[in-house]
2 protein chains.
Amino acid sequence: MSSPSEEPAWRQRAVERSIKAAKVRAEQRVQRFLDAAQVIIDEKGTTDFTVQEVVDRSRQSLRSFYLHFDGKHELLLALFEDALNRTADQIRAAASGQKEPLDRLRVAVQLLFELCRPDPDARRPLFTDFAPQLLVSHPTEVKVAHTPVLAVFTELLADAEEASLLSPEVKPRRTAALIMQTVMFNAQSSGSPDDETANPLTADEIWDFCANGITNH
Amino acid sequence: MSSPSEEPAWRQRAVERSIKAAKVRAEQRVQRFLDAAQVIIDEKGTTDFTVQEVVDRSRQSLRSFYLHFDGKHELLLALFEDALNRTADQIRAAASGQKEPLDRLRVAVQLLFELCRPDPDARRPLFTDFAPQLLVSHPTEVKVAHTPVLAVFTELLADAEEASLLSPEVKPRRTAALIMQTVMFNAQSSGSPDDETANPLTADEIWDFCANGITNH
DNA sequence: CAAAATTGAGAACCCCATTTCCGCTCTACC
DNA sequence: GGTAGAGCGGAAATGGGGTTCTCAATTTTG
């Protein structure tokens with residue numbers, strides 16, 4: 001009786017109009033939570049905040065928080081997705097500065113590497129803290145969040161393939177995922193650039209590794 | 001007066017004898033905790049156990065647990081180290097079955113990949129759960145725990161280098177770390193083999209990636 | 001304006017790691 | 001052989017944090 005297929009269009013529209021206001025309000029509240037969380041993260045340089053802090057900062061209530069989010073993890077995922085979207089844009093922009101497909105790819109790899117590297121000064125614990133944390137608790141959602149960055153690399157690889165710059169067995173889509181994860185994870189466990197330990201992996205090294213492999217041919 | 005330099009050797013020995021028994025007892029208790037934890041992990045196929053469970057299983061007490069371990073993380077690290085030691089041995093053994101240096105390396109890469117891949121059937125959540133979890137909380141210790149596996153790959157790469165099979169710019173030690181992490185991390189986020197999703201990365205693919213890179217040369 | 005839905009403020013609940021308290025037992029040392 | 005002390009089991013207590021619940025105030029809707 002109330003199946004969508006039997007709902008007259010006019011009713012749909014009426015309901016929607018009625019709901020729109022509420023929807024806007026809800027979105028505003030959600031945004032306030034997100035903004036508050038982002039501010040806290042920027043301040044503390046870590047994702048070790050409590051839900052209570054976010055609630056206080058956004059001048060709302062716990063009740064409201066759990067009304068809009070399924071839990072803390074959804075908040076984290078939302079922030080993570082935002083960050084990855086921005087990152088994807090940033091990488092795309094940087095890559096577009098190069099003419100040659102392989103140069104574009106190189107720039108993309110090196111930038112992603114620098115962005116994911118843990119740097120105590122730069123305030124971006126999204127990758128160094130969120131990623132591993134969420135990867136444990138919600139691997140599927142994390143993969144989805146990676147999509148925009150993955151898309152950039154897929155494009156870049158497709159371009160390179162079209163220019164016959166890649167080995168014939170390289171499949172752009174699959175290799176894009178391979179490269180992205182290789183770069184991101186290796187960046188995270190390479191000490192920060194100013195670390196004195198023996199392992200400050202460089203962006204060049206990782207690019208050489210991805211591009212040329214290790215064999216002597 | 002009680003400085004070590006003034007302690008006569010006979011006293012040192014006497015004390016040591018006296019302490020040895022206690023030490024053995026302590027080691028046995030520690031081992032019972034470790035065994036209990038391992039059993040629970042094997043049963044549940046996850047590392048989501050509580051300290052209380054381990055205590056009950058080992059028929060000891062919470063008090064005793066915190067007397068022997070600084071906290072849950074030490075227990076996890078201990079298990080993780082054990083697992084990585086066994087893994088290193090296993091890889092070394094498998095690799096030794098091959099004659100050619102590059103074949104040994106390939107076998108090592110492929111085996112490590114399979115071992116780190118999340119397989120619901122195989123009971124080894126050490127890599128899929130521990131690693132990310134500990135990497136967040138105790139990155140330094142995790143790196144130390146990786147040492148034995150890293151050593152295997154360093155040897156294999158050194159062999160290959162000696163046989164002039166590697167590109168000249170490849171540094172065995174650094175590249176070993178690069179390969180190990182690339183393999184481990186990519187394995188963890190590649191769906192299990194029987195997964196229907198589009199991304200069941202294969203051991204061959206990751207080997208090709210590491211060995212040959214992506215460029216067309 | 002009245003009914004209904006949304007919020008706020010805060011207490012309450014739960015899970016779990018970690019600590020603490022109280023006896024008991026076994027070891028070490030005289 | 002006996003006694004002080006360390007080691008230990010059992011269980012209650014503490015504490016941090018996420019999540020839920022209660023109730024009254026407020027806003028939105030009709």
Side-chain angles (χ1 to χ4, degrees), chain A residues 10-11 13-33 36-37 40-41 44 46-79 129-130 133-134 136-138, chain B residues 10-34 36-37 40-41 44 46-79 129-130 133-134 136-138:
Chain A
W10 64 263
R11 178 182 277 259
R13 266 180 277 119
V15 170
E16 178 157 341
R17 218 187 322 271
S18 163
I19 288 201
K20 195 175 332 186
K23 186 175 170 186
V24 169
R25 249 178 299 130
E27 279 169 354
Q28 285 176 341
R29 287 180 178 278
V30 166
Q31 196 55 49
R32 279 170 62 191
F33 284 123
I40 294 176
I41 291 175
K44 311 212 309 185
T46 173
T47 59
D48 274 342
F49 59 84
T50 70
V51 173
Q52 188 62 54
E53 286 179 278
V54 175
V55 166
D56 293 345
R57 243 341 206 295
S58 69
R59 312 169 135 283
Q60 297 178 89
S61 68
L62 265 180
R63 179 148 201 290
S64 194
F65 179 88
Y66 284 100
L67 222 53
H68 295 286
F69 291 90
D70 195 47
K72 185 182 181 178
H73 64 102
E74 271 205 352
L75 174 66
L76 291 176
L77 275 168
L79 292 171
D129 294 357
F130 277 10
Q133 207 166 308
L134 288 173
V136 178
S137 54
H138 304 269
Chain B
W10 62 264
R11 179 182 276 260
Q12 295 254 357
R13 266 180 276 120
V15 171
E16 178 157 342
R17 220 189 320 273
S18 163
I19 291 214
K20 197 178 325 187
K23 186 175 171 186
V24 169
R25 250 177 297 130
E27 279 169 354
Q28 285 176 340
R29 288 185 175 276
V30 166
Q31 194 56 50
R32 280 171 61 191
F33 283 123
L34 292 177
I40 294 176
I41 290 174
K44 312 212 307 189
T46 173
T47 59
D48 274 342
F49 60 83
T50 69
V51 173
Q52 188 63 52
E53 286 179 278
V54 175
V55 166
D56 292 345
R57 245 334 210 296
S58 69
R59 313 166 135 283
Q60 296 178 89
S61 68
L62 265 180
R63 183 159 198 290
S64 195
F65 180 87
Y66 285 100
L67 222 54
H68 294 285
F69 291 90
D70 195 47
K72 186 181 181 179
H73 63 104
E74 271 205 353
L75 174 67
L76 292 176
L77 276 169
L79 291 171
D129 293 357
F130 277 10
Q133 206 167 309
L134 288 173
V136 178
S137 53
H138 303 269

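First the proteins, then the strands, lettered A, B, ... as listed; each starts at 1. The structure displayed is predicted, hence computed values, not measured ones.
- Residue A:Ser61 places its side chain closer to C:dA9 than to any other of D:dC8, C:dA9, D:dT19.
- A:Leu75 places its CG atom 11 Å from the P atom of D:dG18, with the value rounded to the nearest Å.
- The phosphate of D:dT19 (OP1 or OP2) has a side-chain N or O of A:Tyr66 nearer than 4.0 angstrom.
- Picking from C:dA28, D:dC8, C:dT7 the nucleotide with the shortest atom distance to the side chain of B:Ser64 gives D:dC8.
- Annotation: of the two residues near DNA chain C, B:Ala22 and A:Leu67, the 5′-most nearest-nucleotide partner is A:Leu67.
- Here the side chain of A:Arg25 is nearest to one of D:dT28, C:dT7, D:dG9, namely D:dT28.
- Protein atom CG of A:Asp56 is 10 Å distant from nucleotide atom P of C:dG10, rounded to whole Å.
- When rounded to the nearest whole Å, the span between CZ of A:Arg63 and C1' of D:dT22 equals 9 Å.
- Taking the side chain as every heavy atom from C-beta outward, B:Gln52 and B:Phe65 never approach each other to under 4.5 Å.
- Side-chain atoms of B:Arg29 lie closest to D:dG9 of the nucleotides D:dG17, C:dT27, D:dG9.
- Separating the CD atom of B:Glu53 from the P atom of C:dC16 is a distance of 8 Å, rounded to the nearest angstrom.
- With salt bridges taken as basic N to acidic carboxylate O contacts below 4.0 Å, none links B:Glu16 and B:Lys23.
- Listed nucleotides: C:dG8, D:dG7, C:dC16. Nearest to the side chain of B:Thr50: C:dC16.
- Ranking D:dG9, C:dG10, C:dT18 by closeness to the B:Leu62 side chain, first place goes to C:dT18.
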